[in-house]
Structures are given as C-alpha cells and as structure tokens.
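Here is how names work: the chains are called A, B, and so on, in the same order as the sequence lines, proteins then strands, and each is numbered from 1.
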Amino acid sequence: MAAIELKDVSKRFGNQTVIRNLNLWVEDGSFTVLVGPSGCGKSTTLRMIAGLEQVSDGEIRMNGDPINHLPPGKRDVAMVFQNYALYPTMTVRENIEFGLKNKKVPKKERQQLIEEITAVVGLEAYLDRKPSTLSGGQRQRVALARAMVKKPKVFLMDEPLSNLDAKLRAQMRTELIELHKKLGTTFIYVTHDQVEAMSMGDKIVIMNEGEIQQATEPMEIYQQPANLFTALFIGTPPMNIIEKDKIPQLHSHNKDIVYVGFRPEKVVLSNEPLEGGLTLPAEIVNREILGHETIYQMEMSGIPFKVKHYDHPLEEGMRLFAYIAYKNLYFFDREGRRMEVEENKADLQTVAGGVRVCP
Amino acid sequence: MITVEKMLKIVEWTGLAVITLIFVFPFIWMMITALKSLPETVVFPPEWIPETWMWSNFKVAWSSGPFLRYFFNSLFVAVAILVLQILTMVPAAYAFSRYQFPGRGFLFGLTMAALMIPPQITFLPVFLQMSEWGFINSYIPLILPYAASAFGIFLLRQSFMQVPEELIEAARLDEASEWRIMWRIMVPMARPVLVTFGLFSFIYHWNDYFWPLVMTNSDAFRTLPIGIAMLKDAEGGIAWNIVMAGNMILVIPILIVFFVAQRQIIRAFVYSGVK
Ligand SMILES: Nc1ncnc2c1ncn2[C@@H]1O[C@H](COP(=O)(O)OP(=O)(O)OP(=O)(O)O)[C@@H](O)[C@H]1O
Ligand SMILES: [Mg+2]
C-alpha cells in the first residue's frame with residue numbers, strides 16, 4: 001500500500017505542454033478517479049506514475065520517496081490497460097505467471113499465487129486457454145488477475161471497462177469496488193465517464209487541458225463545484241448556466257457575478273410564482289421522456305435551459321414558473337470561478353411576475 | 001444437368017490441374033530420369049517408365065565422392081547461418097522498430113541498401129579479405145558473410161511494428177528485461193514470419209552453388225551442390241541418370257523440411273497481422 005504524490009509535475013511532448021504544474025496527493029488506500037474530456041492528459045498522468053512516460057519537470061513520490069528514476073518494473077505498481085494488453089501467444093496461466101517469473105518467484109509459490117488469484121476472479125476453468133478464445137469480460141478478468149498477482153502497492157487502470165457492453169460494465173464496476181474494499185490497496189482509475197467516476201471513486205480528480213480543476217469527494221464535486229468547468233462536467237444534463245444580465249428577476253449588488261447556474265433536477269415547476277427563490281416564467285418547448293424521468297427543454301424570453309423531473313410528464317407548450325431555491329443557485333465570476341455568496345444572500349432579490357419577492 | 005456453377009467448378013479444377021502439372025512435371029521428370037539406366041536417358045522418343053527401376057543410381061552418385069562430408073557441410077553451413085541470422089535479426093529488428101536513437105534512419109537505410117546488393121558484387125572483396133585473414137578453406141567464409149540478413153531484419157521489423165506498444169509496456173511493468181521482451185513477447189508473435197524466413201534462408205543456402213564454389217577449394221568444406229555439379233565432370237560424357245539421382249539427394253531434405261513445416265508456412269501466408 002502506498003500514497004502517491006505528484007509535485008509540480010509537467011509533461012511536454014516536443015514543444016507542446018500536455019501537463020502543467022500538476023500537484024496531486026493520492027491517499028493511501030483510496031480509490032482515486034481521474035476524469036476529464038478526451039485529450040486532457042489523464043492517460044499521460046497515469047503513465048508518468050507507472051514510469052512508462054518520463055516527467056519533464058517535477059517529482060513523483062511514493063510514500064515520500066521520489067520514484068522518478070525507477071523503471072516501471074521497479075515501482076511496485078500494476079496497470080490494467082484499456083485493451084487489456086494480454087500476451088496473445090501465452091495461455092491465461094502464463095500471462096498471470098509472466099511477472100512472477102521475471103521476479104524470480106519460486107515455482108511452488110507461483111502456483112499457489114495463481115490458484116489464489118484465479119479463485120478470486122473466477123478464472124479456474126480457463127487457465128490453459130489463449131486470450132483470443134475468451135470473451136471481453138473474461139479477458140478483463142485475466143488483466144485484473146495479472147495485475148493482482150504481483151501484489152502491487154498501487155493499481156493503475158486506464159479506462160479498463162470502456163470496451164465492455166453496458167451491462168457487463170455495470171457488473172464489473174461493482175466488482176471493482178468490492179475488489180478495492182477487499183484488497184485495501186490504492187487504486188488510481190482513469191475514465192472519461194462521469195457516471196463511472198461518481199459511482200466508483202472516493203476521490204475524484206477532474207482535469208481539463210492538463211490542469212486539475214477540482215479534486216475532492218464525489219458529493220462535494222456535485223454540490224460544491226469549484227468552477228464552471230466542473231459544474232458543467234458532472235451531472236446529466238449539465239448545470240444550466242445563464243449570464244446574470246439576462247435574468248432581470250435577479251437583483252444583486254455584487255458586481256463580480258457574471259454567470260448564474262442551477263441544476264436541472266433542482267428546479268420546481270409550478271403554476272404560480274413561489275417565494276424564497278428565483279422564479280422564472282418559462283415555456284416548455286420540448287420534452288424527452290426517458291421513462292423514469294423526463295427532461296424538459298424550457299425557454300424564458302429566448303433563453304433556453306433544461307429541467308429534469310421524475311413526475312408524470314407535462315405537456316409541451318405549457319407556460320409555467322420555474323422555481324429554484326436560493327441554496328441551489330451557483331454564482332461564477334468572469335473567469336468562471338465559483339463565488340461564495342452565502343453571506344450576501346440578502347442582497348439577492350427577485351422580481352417575478354411583476355411582484356417583488358423578498359427572500 | 002450441369003449447372004453453370006458446376007461448369008465453372010470444372011473449369012477451375014482443370015485450370016488448377018494444368019498449372020500444377022506445369023510446376024510438378026520437371027520434378028517428376030527428374031525423378032524418373034534418376035531411376036533409368038544410362039541408355040534409357042538418351043533414347044528418342046523418351047520413355048516414361050524405366051524398364052528396370054535403377055535404385056542403384058543413388059548409390060553410385062552417393063559413393064562417387066565424399067558425399068557424406070558434402071551433406072554434413074551443407075547442413076552445418078545452412079543451419080549455422082540460420083541460427084546466426086536469427087540471433088542478429090531479432091535484436092536489430094527490435095531496435096529498428098521500437099527504439100529512438102540517433103542515426104536510426106541512416107542505419108536502417110544502410111541495411112536496406114545491403115538488401116539490394118547481390119552476392120555477385122560482394123564476393124570478390126569478401127574473398128580477398130577472407131584469404132588475407134587466412135580463412136579460406138574453413139567454414140568461416142561460408143557462414144560469416146551471411147550471419148546477418150538485411151532481408152530478414154526488414155521483414156521482422158515490419159512484423160514487430162505491428163505488435164501493440166501496450167504489450168511491451170505491460171511486459172515492462174511485469175519487470176521483463178528487454179531481452180525477455182524480445183524472445184518471449186515479440187518472437188512468438190512474429191513466429192509465422194520467422195518460419196517463412198527460416199525456410200527461405202535454409203533453402204537458399206542449402207542450394208547455394210556460387211558462393212561455396214568461390215570460397216572453397218578442398219573437399220573438406222565443399223557443400224552438396226558442388227559435389228553434385230562435379231558428377232557432370234565424370235569421364236565419358238554426362239551420366240544424366242546419376243546427375244539426377246544426385247539432385248534428388250539434394251532436394252529430398254528440403255521436401256522433408258517443407259512437409260514438416262507445411263502448416264506453419266500456410267499459416268504465415270494466410271495470417272499476416274497480429275491480433
Ligand atoms: N506520445 C505522445 N506524443 C505526442 N503527444 C502526445 C503523446 N501522448 C499523448 N500526447 C498528447 O497529450 C495529450 C493528452 O493525451 P492523453 O492520452 O493523456 O489524454 P487522455 O486524457 O487520456 O484522453 P482520452 O480520454 O482520449 O484517452 C493529447 O493532446 C495527446 O495528443
Ligand atoms: Mg487516455
């Protein structure tokens with residue numbers, strides 16, 4: 001088990017900077033998820049921890065000791081690749097055994113370890129098969145077994161589930177969470193899927209363009225996004241962001257507020273204006289019925305926003321009031337940084353339907 | 001009734017049979033001639049079936065010179081060349097396909113240039129060099145100049161380049177040395193290519209006449225093709241039946257190798273590309 005620390009790490013490919021002054025603390029035993037859009041540098045970060053990529057600047061530490069100079073095999077980490085990277089000419093047993101042989105583990109011990117691990121992942125019946133004769137899910141398990149058998153201090157996984165179908169992916173997700181609990185080892189997991197990130201991680205690191213946007217627990221990310229990027233990244237549909245100037249109902253003396261945001265699932269739709277929050281008169285222009293929920297495309301004098309509801313679907317063309325409680329409003333400055341305006345809530349007043357409403 | 005499909009099948013099969021015959025005929029003719037008596041080889045029109053099967057021709061050919069020695073020399077030279085070629089081409093192909101190092105492009109270009117130069121151009125300087133070092137009349141000039149094959153390096157590099165980088169990275173994380181990665185990961189994946197190359201190389205050097213002829217001048221190091229060519233020089237005209245028997249001796253080991261490796265070879269051509 002080990003804690004990993006990245007200190008001022010940068011990575012350049014030629015003259016293109018892919019990672020910029022990254023600082024990250026991965027707690028011992030945590031399930032840390034790196035998430036972000038394609039090309040933001042998640043894989044590169046993971047590969048630098050694995051030693052498959054050299055850092056251009058900065059330092060990577062394991063339990064306080066720098067590991068920059070160590071080759072991948074000496075870092076005590078194991079990696080699960082997106083395409084599994086199983087050795088195609090070796091049987092399942094040989095795949096799992098390869099690392100142990102390289103470590104010169106005696107034969108008896110190797111056999112015992114393989115038995116142990118294959119029982120955990122349920123591969124006993126496939127030990128003498130070649131990977132090409134296995135299903136995607138089984139290959140995934142072989143890849144996991146190959147990583148686990150080395151008893152590494154840190155597991156690195158780069159989108160390990162993205163090649164599986166939806167059902168199997170959900171199942172493997174649960175299995176990975178259980179595996180993490182059982183092993184208690186540090187997991188660093190890369191994905192671009194926010195649902196995977198939210199459901200698996202006990203810490204989420206949101207990245208964009210080589211920089212960390214926010215790193216904290218899943219609920220905190222959802223409830224307290226640090227900036228516009230994280231606010232838009234987590235949640236489906238994403239948070240509604242409207243320029244403050246376009247909401248005449250909202251009066252604030254705080255000149256720094258440029259954008260206002262609210263989550264589609266936090267909107268209350270009603271026939272009459274409600275008090276104690278922001279009330280926007282709007283019309284349902286479109287709806288998307290997904291069975292357990294309905295997503296409404298609404299419009300308020302030309303400004304579109306989305307609302308998500310679990311109730312019985314409402315008709316298109318209805319004119320309603322969209323109500324958002326103050327505590328569910330988010331404010332952002334010109335740079336997109338989130339502003340804490342709790343203390344000046346009194347400042348915020350709304351005018352809805354021509355009636356002045358006091359908070 | 002004969003359907004169009006059946007007709008097409010018949011045409012196809014006939015075509016294939018004709019082509020096969022064209023390829024196989026010289027071989028069959030060689031076999032038949034090897035079993036004829038001397039007068040039968042020159043009668044006109046030629047006889048298809050010999051009156052008596054002269055198996056003794058093989059014995060005559062074999063004992064007309066130190067053929068056991070030739071046979072051993074051929075085998076030793078061809079196998080030694082192949083082993084050395086594989087030992088040199090695997091690391092070379094691995095380096096060319098996976099490493100970034102200064103001069104890589106230049107060195108690879110040089111290898112490609114070597115591919116285009118036939119032995120008829122290099123034999124003279126090689127011969128002079130070898131005789132200066134006193135190596136003529138040893139196995140060295142037969143084996144050493146072929147110890148690295150530009151063709152093999154090129155072929156294997158192409159095959160190695162198809163191996164996904166992730167596999168090598170996985171092996172590095174598994175603490176495998178570069179040497180182990182080459183022989184345990186890369187080579188097994190390039191097996192069809194290696195088998196094909198091995199066959200070409202073996203057959204080429206087993207049959208090679210020109211190079212051993214130039215580089216040797218004593219029976220101790222001569223190879224089978226030279227021994228067989230010398231059968232022609234027997235006094236009293238060419239005994240074609242004996243010469244053909246000698247050729248059969250030359251060809252049979254190759255046929256055996258081919259039958260043993262047949263499945264591998266077919267796989268090599270069908271299954272190009274690594275999954
Ligand atoms: N070997 C390389 N040479 C040059 N540029 C590279 C190399 N590897 C990655 N990059 C660049 O670095 C950036 C980050 O790549 P990275 O693979 O880390 O993204 P990612 O976050 O994993 O994306 P994805 O979700 O698509 O896998 C990309 O712009 C990519 O083009
Ligand atoms: Mg990636």
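Summarising the local packing, CZ of B:F101 is surrounded by more than 12 heavy atoms from other residues, nucleotides or ligands at distances under 6.0 Å. Remark: A:Y126 OH is loosely packed, at most 12 non-hydrogen atoms of other residues, nucleotides or ligands lying under 6.0 Å away. More than 12 non-hydrogen atoms from other residues, nucleotides or ligands lie less than 6.0 angstrom from CZ of B:F25. Residue A:E124 places its CD atom among more than 12 non-hydrogen atoms of other residues, nucleotides or ligands, all under 6.0 Å distant. Sparse packing is recorded around CZ of B:R191, with 12 or fewer heavy atoms of other residues, nucleotides or ligands lying under 6.0 Å away. Within 6.0 Å of the OH atom in B:Y99, the count of heavy atoms belonging to other residues, nucleotides or ligands exceeds 12. The neighbour count for B:E12 CD, taken as heavy atoms of other residues, nucleotides or ligands under 6.0 Å away, is above 12. Around CD of A:E175, the count of heavy atoms belonging to other residues, nucleotides or ligands within 6.0 Å exceeds 12.
Across every non-hydrogen atom of A:A85 and B:A170, the tightest pair is O-CB, 4.0 Å. When every heavy atom of A:N83 is checked against every heavy atom of B:E166, the shortest pair comes out as CB-OE1, 3.6 Å.
Contacts between A:R75 and chain B at a heavy-atom distance below 4.5 Å are absent for every atom of the residue. Only the backbone of A:L86 comes within less than 4.5 Å of a heavy atom in chain B; its side chain stays farther off. Both the backbone and the side chain of A:A50 come within contact range of chain B, each with at least one heavy atom under 4.5 Å from a heavy atom of that chain. Neither the backbone nor the side chain of A:V80 has a heavy atom closer than 4.5 Å to any heavy atom of chain B.
For A:Y87 (side chain) and B:A171 (main-chain N/O), a donor-acceptor pair under 3.5 Å exists by modelled atom type.
Considering CD1 of B:I168 and CG of A:L52, their distance stands at 11.5 Å, rounded to 0.5 Å.
The closest side-chain heavy-atom distance from A:P88 to B:L167 is below 4.5 Å. At a threshold of 4.5 Å between non-hydrogen side-chain atoms, the residues B:I185 and A:M90 count as touching.
No other option in A:R47, A:M79, A:E94 has as many heavy-atom pairs under 4.5 Å with chain B as A:R47. Annotation: maximal heavy-atom pairing with chain A below 4.5 Å, among B:E169, B:R172, B:E165, occurs at B:E169.
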Next on the checklist: If you apply the rule side chain to side chain contact (heavy atoms under 4.5 Å, CB included), what do you find for B:R180 with A:F98, and how did you get there?
Outcome noted: CA-CA 10 Å; B:R180 282 232 346 134; A:F98 189 64; 3.3 Å; yes
Item to check | Stepwise side chain to side chain contact (heavy atoms under 4.5 Å, CB included) check, A:F81 with B:L173 | outcome: CA-CA 11 Å; A:F81 293 83; B:L173 279 161; 4.0 Å; yes
Item to check | Residues A:K103, B:D174; criterion side chain to side chain contact (heavy atoms under 4.5 Å, CB included); working and verdict | outcome: CA-CA 8 Å; A:K103 279 201 169 74; B:D174 268 346; over 6 Å; no
